[in-house]
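The structure under discussion appears below in the form of structure tokens.
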Protein chains: 2
Amino acid sequence: MVKSSRPTISDVARAANTGKTSVSRYLNGEQNLLSDDLRQRIEQAIARLDYRPSQMARGLKRGRTRLIGLIIADITNPYSVDVLSGIEAACREQGFTPLVCNTNNEINQEQHYLDLLRSYQVEGIVVNAVGMREEALNRLQQSALPMVLIDRKIPGFACDMVGLDNNQAATTATEHLVQQGFEAILFLSEPLGTVNTRRERQEAFRRTLSRYPHVRAESAGVPLHDSETLDTTLRQFHASHRGMRKAIISANGALTLQVARALRRLGLNWGSDVGLLGFDELEWAELAGVGITTLKQPTWQIGYAALEQVVSRIEGNSEPVREQNFSGELIIRGSTAR
Amino acid sequence: MVKSSRPTISDVARAANTGKTSVSRYLNGEQNLLSDDLRQRIEQAIARLDYRPSQMARGLKRGRTRLIGLIIADITNPYSVDVLSGIEAACREQGFTPLVCNTNNEINQEQHYLDLLRSYQVEGIVVNAVGMREEALNRLQQSALPMVLIDRKIPGFACDMVGLDNNQAATTATEHLVQQGFEAILFLSEPLGTVNTRRERQEAFRRTLSRYPHVRAESAGVPLHDSETLDTTLRQFHASHRGMRKAIISANGALTLQVARALRRLGLNWGSDVGLLGFDELEWAELAGVGITTLKQPTWQIGYAALEQVVSRIEGNSEPVREQNFSGELIIRGSTAR
DNA sequence: CTGTTAGCGCCTTCAT
DNA sequence: ATGAAGGCGCTAACAG
């Protein structure tokens, strides 16, 4: 007769001529408590049966599922993917498995996924807020699990966070443009709302330019997919500073793509007609016309650090809420040349 | 006294003043077997306790975890991400949860992840072979679970597959170039190996051009990250057809990026010096110089269909192995203009 | 060092 | 229409 389904710990025990406990011990690294003989028998039995312990049963028993929930608003965003990559690497190292949930930026999906994650008993949650709508993010507060936010904070909710040093990054970017001799700079982001990331970047932009009174500072918030508003904003900015060297800072990668498209529509060339600098590195940045200067975030590291942080919470770390900010790196290309 | 951990089915039963069985029935949709009164009590108890059944326990008991394993070689590839998106959508509709495993194209990771998926008792597996190395893919055969391949087949392994109609796509692409008056065309892909996708595309390219004897057909296989070979190949192609209108077909999106970079390095402009057409749509295709003509795959649908297929297998469908090929769509831009 | 026993939370007979 | 009891695969006392 043939065992049809997967072998269980009992099968292994029987095959090794011992009890389940010893097998369990073997599996859990308490191998020093086993005699060489027994250890070998178990080892062979496992190999012969091609046995793998059931995480389901394990999770049920110990409450440790070794599962970490990831909530991502837009998996289509390269930033998110890079971060994900870092998270995965860290998961592998730490022996966790990521349960990836892409909310697709659909409002209400957060709730669905939180329930889902709870039902699978994840031990912690990493939320990549990039591209996430504010309402959606706010809905996340309820969770009682260890949780860490990436890129953004939730106003009024103390929670570990890892992201970019927005002040350093925006200051670096702005100063670069000043040094390149631009006389009017437009800071473009999605509508600020209460999103700290946007606010901080804009704030640093303003603060920096206040030290250079001869440079005009403007800023505007445009919805990511509202190309009309974007066109209008850009046209206006361009028209109202005739004769001056103008530049645009785009506050994130997705927006930079839209801005580049808009400039195309308007017949403006970055590098010659107008300067352009975008947050977030883009794989195509060097291929678009004369190239686009970007402010590169250490995305992979951010993901990696975020996971390390949840894990430390899972292991019991109860220090006060921690905030990690990584430095960005300016990658200079043709779009901000003199 | 406060219950610290999550409520269980027993808690609900107690709160509703009934037994676990009835609650279980309620949860499993056998609600018609319950009296209105009892049903309501249960409903309230669940709401009050904010109870969610444990998928762990459920999976353990019934063997149905509602988990689907996804194996992805390179999550960084936009194609893979779009496919993933379709898979997720389908998962949501069908009540499954994807367990995403990114092998990062590291050999041996497949084994690690297969074990992992087994240990979580996934009910089926979707393998996105895009960008995956041959050896890695071959390692996947062992799985006894319902499995469907995306984009590529494993030689000598009968398995459901969903991907592109390579013949239609490559023929369309090639004919477009002929019509645009190109006189020498280079088909560029990664080394063919036994990868059916690459072979079929090249084959259709050859077959099509054999109908146009005045057009020279060349093809070459270059490793994705070997920029020296790529440069040499392109330089040679360009040099050996002086005076003729030349074009390049790139067999996938990742390669197109490398080709574009190489052309830049060589000082060649697509659209004017040489034609360029790439498989896979790129978000930046319109922004790169005069724009790059692409052959767009219905990636989202491919993912969606793949998931539907595994689920149908999970539900017991035992028809012979099925192969679904979707049509590509040519998106014409400046790089192939006359 | 090793085995026995009692659940983890749920579903599923089998009675009632 | 409802409930009690047993067991899924595993781990964690508790004995030996």
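What you are looking at is a predicted structure, and each value in this text was computed from that prediction instead of being measured. Proteins get letters first, then strands, A, B, ... in listed order; numbering begins at 1 in each.
Rounded to whole angstrom, the span from the CD atom of Gln55(B) across to the P atom of dC8(C) amounts to 19 Å. Atom CD of Gln121(B) is separated from atom C1' of dC8(D) by 10 Å (rounded to the nearest Å). Across the protein-nucleic acid pair, Leu49(A) atom CG and dG9(D) atom P stand 14 Å apart, rounded to whole Å. Distance CZ (Arg64(A)) to P (dA12(D)): 8 Å, rounded to an integer number of Å. When rounded to the nearest whole Å, the span between CG of Asn17(B) and P of dT2(D) equals 12 Å. The distance between atom OH of Tyr26(A) and atom C1' of dA12(D), rounded to the nearest whole Å, is 20 Å. The separation between Met56(A) atom CE and dC10(C) atom C1' is 13 Å, rounded to whole Å. Distance, Leu27(A) CG to dA12(D) C1': 14 Å, rounded to whole Å.
Between Asp50(B) and Arg52(B) there is a salt bridge, since at least one side-chain N of the basic residue sits less than 4.0 Å from a carboxylate O of the acidic one.
DNA chain C is contacted by both Arg62(B) and Gly19(A); Gly19(A) maps to the nucleotide lying nearer its 5′ end (nearest heavy atom per residue). Comparing Lys20(B) and Pro53(A) by the nucleotide of DNA chain D whose heavy atom lies nearest to each, the residue mapping closer to the 5' end is Lys20(B). Mapping Ala57(B) and Arg25(B) onto DNA chain C by nearest heavy atom places Ala57(B) at the nucleotide closer to the 5' end.
Distances from the side chain of Leu60(B) to the nucleotides dC10(D), dC8(D), dC11(C) place dC8(D) closest. The side chain of Ile9(B) sits closest to dC11(C) out of dT5(C), dC10(D), dC11(C).
Residues Leu67(B) and Tyr120(A) are in side-chain contact: their nearest non-hydrogen atoms beyond the backbone lie under 4.5 Å apart.
Distances shorter than 4.0 Å separate some side-chain N or O of Tyr51(B) from OP1 or OP2 on dC10(C). Dashed line: the shortest gap from a side-chain N or O of Ser35(B) to OP1 or OP2 of dT2(D) is under 4.0 Å. Side-chain nitrogen and oxygen atoms of Arg58(B) include none within less than 4.0 Å of the OP1 or OP2 phosphate oxygen of dG9(C). Look at Thr21(A) and you won't find any side-chain N or O under 4.0 angstrom from OP1 or OP2 of dA12(D).
Between the base of dA1(D) and the side chain of Ser22(B) there is no donor-acceptor pair shorter than 3.5 Å. Between the side chain of Arg52(A) and the base of dG9(D), no donor-acceptor pair under 3.5 Å is found. Evaluation of atom-type donor-acceptor distances gives no pair under 3.5 Å for the side chain of Ser24(A) against the base of dA12(D). Evaluation of atom-type donor-acceptor distances gives no pair under 3.5 Å for the side chain of Arg6(B) against the base of dG9(C). For Lys61(A) against dG7(C), a side-chain-to-base donor-acceptor contact under 3.5 Å is present.
Of the possible donor and acceptor atoms, one in the side chain of Arg152(B) sits under 3.5 Å from a partner among the backbone N and O of Met132(B). Panel note: side chain Glu110(A), backbone Leu140(A); no donor-acceptor pair is recorded below 3.5 Å.
Taking a 6.0 Å sphere around CZ of Arg62(A), one finds it holds more than 12 heavy atoms contributed by other residues, nucleotides or ligands.
Between the side chains of Arg66(B) and Gln94(B), not a single donor N or O lies within less than 3.5 Å of an accepting N or O.
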